[in-house]
Each structure stands twice: as structure tokens, then as C-alpha cells.
Amino acid sequence: MNKNLIIISALWCTSCLIVSNNLKQIVNQFPQLNIVNLDFDIDEDKVKEYNVGNMLPVMILQDENGNELHRLVGEKTPTEIYDFLNIN
């Protein structure tokens, strides 16, 4: 089953850079993921659809129909991200 991973971040967000680096370490273990990156400032209209507030980064795991399965907010370790992505 393919899943979407929506990642909402910003260039000015230090935690976003850390999570991006942590995600790079493990994303190859999840080939079924379709990753969509949104910039909090540039993609403002699209970001509003996800009701993310002001805490970044936000990762939203969706099923193949775009239904939200789980959400992870804030700076996370590679293990925390792996556990989040490994939820069935």
C-alpha cells in the first residue's frame, strides 16, 4: 500500500533542517512513500489546508486516498521518525 508523506517546513526553521537530515537517513527503507515537501511560507495556501499551526516541522502520513493516518510535529530523532513511518 502506497502512502503519502507530507512534510511542512521552512527555510528559517533549524528543527526542520535537523529533521530533514534525520529523514534522509531512513527514507530509503520506505520505498512505498510518495514524499511531498511544502514550504510554510511559499506554499501558504496549501499549508493552510493541513491546519498545522506555527510549530514546525510537521510530517503528515496519509493513505493512498489522502486520508490522514498520523501526524508528527517538531524535531524528532531518526528512531522516532522511523517508528512514525513504520505504523501500519
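- Hydrophobic clustering (ILVMFWY, side-chain heavy atoms < 4.5 Å, transitive): V19 and L33 are in one cluster.
- Applying the disulfide bond (SG atoms under 2.5 Å apart) test to every pair with at least one member in residues 47-81, sequence neighbours left out, gives no pairs at all.
- In this structure, CD on Q32 lies 8.5 Å from CG on L85, to the nearest 0.5 angstrom.
- Linking ILVMFWY residues whenever their side-chain heavy atoms come closer than 4.5 Å, directly or via other members, places L72 and L5 in the same cluster.
- We find the CG-OG1 distance between N86 and T79 to be 11.5 Å, quoted to the nearest 0.5 Å.
- Between atom CD1 of residue I81 and atom NZ of residue K76 there is a gap of 9.0 Å, rounded to the nearest 0.5 Å.
- A donor-acceptor pair under 3.5 Å links the side-chain atoms of D63 to the main chain of N65, judged by distance alone.
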Would you tabulate the side-chain donor-acceptor contacts of residues 46-60 under 3.5 Å, counting partners in other chains and residues two or more places apart, or write 'none'?
residue	atom	partner	partner atom	Å
K46	NZ	E49	OE1	3.3

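- Applying the side chain to side chain donor-acceptor pair (under 3.5 Å) test to D45 and every residue at least two apart in sequence or in another chain returns nothing.
- Between N4 and I35, the closest side-chain pair of non-hydrogen atoms is not below 4.5 Å.
- By the rule that hydrophobic residues join a cluster once side-chain heavy atoms approach within less than 4.5 Å of another member, I26 and I7 end up as members of one cluster.
- Cluster membership for L69 and V36, using ILVMFWY side-chain heavy atoms within less than 4.5 angstrom, is not shared.
- Legend: residues meeting salt bridge (charged side-chain N to carboxylate O under 4.0 Å, His left out) with E68, ordered by chain and number and at least two apart, are R71.
- Under the side chain to side chain donor-acceptor pair (under 3.5 Å) criterion, D39 pairs with no residue, sequence neighbours left out.
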> side chain to side chain contact (heavy atoms under 4.5 Å, CB included) between N37 and I8: does it pass, once the steps are laid out?
Replying inline: CA-CA 6 Å; N37 288 292; I8 301 170; over 6 Å; no
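- Note: the hydrophobic cluster containing L17 does not contain L23 (ILVMFWY, side chain heavy atoms under 4.5 Å, direct or indirect links).
- Listed by first and then second residue, the ring pair (Phe, Tyr, Trp, His ring centres under 6.0 Å) pairs involving residues 26-45 are F30-Y82 (not counting sequence neighbours).
- Listed by chain and residue number, W12 satisfy the side chain to side chain donor-acceptor pair (under 3.5 Å) test with D41 (two or more places apart in sequence, or in another chain).
- Sorted by first and then second residue, the side chain to side chain donor-acceptor pair (under 3.5 Å) pairs with a member in residues 16-31 form an empty list; sequence neighbours excluded.
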> Going through the checks in order, is the side chain to side chain contact (heavy atoms under 4.5 Å, CB included) test met by Q62 and I6?
Replying inline: CA-CA 8 Å; Q62 299 176 325; I6 311 299; 3.8 Å; yes
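- Counting only residues at least two apart or on different chains, no disulfide bond (SG atoms under 2.5 Å apart) pair has a member in residues 41-76.
- Residues satisfying the side chain to side chain donor-acceptor pair (under 3.5 Å) criterion with T77, sequence neighbours excluded, are E80.
- In this structure, the side chain to side chain contact (heavy atoms under 4.5 Å, CB included) partners of T14, at least two apart in sequence or on a different chain, are I18.
- Sequence neighbours left out, the pairs with a member in residues 12-47 that pass disulfide bond (SG atoms under 2.5 Å apart) are C13-C16.
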